[in-house]
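Only heavy atoms go into these numbers, but all of them, side chains included; no hydrogens, no water, no symmetry mates. In each ligand, atom 1 is the first atom listed, and ligand 1 is the first ligand listed.
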Amino acid sequence: METARIGVTGLAVMGRNLARNLARHGHPVAVHNRTAARTKALVEEFGDEGTFLPADTPERFVASLERPRRLVIMVKAGAPTDAVIDEFAPLLEPGDMIVDGGNAHFADTRRREAALRERGIHFVGTGISGGEEGALHGPSIMPGGSAESYEALGPLLEDIAAKVDGTPCCTHVGPDGAGHFVKMVHNGIEYSDMQLIAESYDLLRHAAGFAPAEIAEVFRTWNTGRLESYLIEITAEVLAHTDAATGKPFVDVVLDQAEQKGTGRWTVQTALDLGVPVGGIAEAVFARSVSGHADLREASRDLPGPARGTVGDAGFADKVEKALYASKIVAYAQGFHEIQAGSAEYGWNIDSGAMATIWRGGCIIRARFLDRIRAAYEADPSTPTLLTDDHFAEALGDAQDAWRDVVATAARIGVPAPGFATALAYYDSLRADRLPAALTQGQRDFFGAHTYRRVDRDGSFHTLWGGDRTEVTS
Ligand code: NBP
């Protein structure tokens with residue numbers, strides 16, 4: 001009987017395209033889906049693309065896999081993933097591998113990995129970015145799990161991943177939940193990047209007075225420079241699009257309420273737990289949330305604002321470009337800080353430069369910019385922040401006047417720019433000699449005797465605020 005090198009169960013858009021990608025690369029692939037009609041449809045439509053071994057039961061599916069078995073789950077994250085693991089794990093043997101390519105929370109992946117490890121089964125939580133097109137033509141792949149499992153899986157995954165300069169956009173991220181953690185932060189950065197682009201559009205429209213088609217041209221120009229990226233490219237496409245039904249710019253007929261699936265929120269929740277400031281990602285999540293509160297927005301519509309007017313500054317678009325680039329540096333610096341903090345917390349030993357390398361292609365945040373980040377980590381693998389890398393520090397310095405002008409203009413004419421503003425505040429906070437946190441500590445000691453440390457002596461101190469205000473050592 002012919003055996004498959006790998007199997008995919010869960011054949012909705014992602015699983016089907018991943019299976020086709022594997023088959024197109026010459027890997028015989030077993031395919032299975034809870035509802036057998038999807039399996040049949042895949043083989044009928046695309047059977048000529050490679051060797052597919054369809055199975056109508058989990059038992060037949062598992063039996064068709066070569067050993068050690070490589071089984072990829074591409075089902076809805078959450079309870080369905082647990083249900084599929086419960087169904088398949090009893091059919092597997094020690095040494096076999098279950099790859100979860102769904103968007104699982106890394107804590108779930110850690111739990112599943114630990115449970116399956118006890119049974120000798122490798123559980124490989126794997127972040128896959130690039131949507132359905134990426135799954136078919138080459139995604140960015142972020143596998144966690146054991147190093148041993150990567151030896152057996154890595155060549156296959158690298159084969160089907162996107163390639164940039166011949167380098168596959170896939171590497172072993174680290175043990176247990178590391179892959180899904182990095183995918184989560186990738187999505188958080190994606191939120192931030194999209195929000196900053198949206199603010200740039202809003203300012204070009206309402207501060208500079210450009211029409212959507214003109215803004216599309218601005219983005220096209222930016223896409224030939226240092227901002228070159230998939231997100232800038234598609235932004236130009238969306239802004240240039242005209243609605244067929246009304247003849248209006250497409251962007252003007254779309255309801256302005258952004259939705260979210262949850263990975264941005266997870267990134268922020270996790271950052272809060274790790275104590276990592278990710279204001280850019282948080283503002284992006286909140287901006288989507290604000291947009292969706294139609295009731296609040298309706299109730300607030302008549303609140304007074306400034307006279308808008310346009311800025312009449314011929315160089316304003318260039319200033320926005322600088323503000324966007326600087327804020328983007330901050331967004332990525334915050335995301336990488338979270339990766340480093342997660343890596344330290346869970347002992348994953350994640351190579352940040354390698355993450356920048358595998359995000360250069362296949363995924364939604366693919367960009368020329370990631371080469372810079374890779375180079376920054378190559379120059380100093382243990383840098384605490386990307387902001388101080390020579391290239392980025394110079395770019396931030398060069399951008400700062402324009403960046404401040406853009407944030408001030410937004411505030412003055414009443415265009416919300418929370419992403420730009422929080423990025424600038426983060427930059428100024430990090431470079432400040434003194435922060436008002438000293439006052440915060442004084443307040444905390446006053447009302448709660450929480451103590452404080454001094455700049456001139458070691459130890460913890462408390463002032464007797466309700467008494468004679470002498471200072472005591474605590
Ligand atoms: P969906 O997330 O829409 O899930 C549909 C698949 O899950 C179908 O194959 C369905 O089987 C199966 N399934 C469900 Br629902 N409950 C099941 C259960 N209890 N037992 C067995 N199978 C079950 O599919 P998708 O959009 O292809 O995404 C797959 C995974 O990839 C998700 O985790 C998603 O978050 C992730 N992801 C998606 C994208 C994207 O762009 N769509 C990108 C990156 C990652 P059925 O056919 O029998 O109903």
My understanding is that we take every heavy atom of each candidate and find the minimum distance to [atom]. Doing that for [options], which one comes out nearest?
{"atom": "atom 30 (C) of ligand 1", "options": "Leu18, Val75, Thr35, Ile85", "value": "Val75"}
{"atom": "atom 34 (C) of ligand 1", "options": "Asn103, Asn187, Ile128, Thr81", "value": "Asn103"}
{"atom": "atom 3 (O) of ligand 1", "options": "Glu133, Arg34, Lys76", "value": "Lys76"}
{"atom": "atom 11 (O) of ligand 1", "options": "Asp82, Thr9, Asn33, Ile364", "value": "Asn33"}

Find out whether [X] and [Y] are in side-chain contact, i.e. whether some heavy atom of one side chain is under 4.5 Å from a heavy atom of the other.
{"X": "Ile189", "Y": "Trp359", "result": "yes"}
{"X": "Ser64", "Y": "Thr3", "result": "no"}
{"X": "Glu113", "Y": "Phe106", "result": "no"}
{"X": "Tyr201", "Y": "Val218", "result": "no"}

Give the residue, atom name and distance (to 0.1 Å) of the protein heavy atom nearest [atom].
{"atom": "atom 41 (O) of ligand 1", "answer": "Gly131 CA, 3.3 Å"}
{"atom": "atom 26 (O) of ligand 1", "answer": "Val13 CG2, 3.5 Å"}
{"atom": "atom 20 (N) of ligand 1", "answer": "Val84 CG2, 3.6 Å"}
{"atom": "atom 5 (C) of ligand 1", "answer": "Ala12 CB, 3.7 Å"}
{"atom": "atom 47 (O) of ligand 1", "answer": "Arg38 NE, 2.6 Å"}

Can you list the atoms of ligand 1 that are under 4.0 Å from a heavy atom of [X]?
{"X": "Leu11", "answer": "9 (O)"}
{"X": "Gly10", "answer": "9 (O)"}
{"X": "Ala77", "answer": "33 (O)"}

Given 3.5 Å as the limit, does a donor-acceptor pair link the side chain of Asp100 with the main chain of Gly125, or not? no
When you measure from the side chain of Ser146 to the backbone N and O of Ser149, does any donor-acceptor pair fall under 3.5 Å? yes
Would Arg226 and Tyr325 count as a cation-pi pair here, with the cationic atom under 6.0 angstrom from the ring centre and within 45° of the axis? yes
Please work out whether the ring planes of Tyr427 and Trp403 are parallel, tilted or perpendicular, with thresholds of 30° and 60°. tilted
Mind checking whether Met14 has an N or O less than 3.5 Å away from an N or O of ligand 1? yes
Please say whether Lys261 places an N or O atom under 3.5 Å from an N or O atom belonging to ligand 1. no
For ligand 1, note which part of Met74 has a heavy atom under 4.0 Å away: side chain, backbone, both or neither. both
Cationic N near anionic O, under 4.0 Å, Arg205 to Asp202: no
Taking the six-membered ring for Trp and the single ring otherwise, decide whether the centroids of Phe88 and Phe61 are under 6.0 Å apart. yes
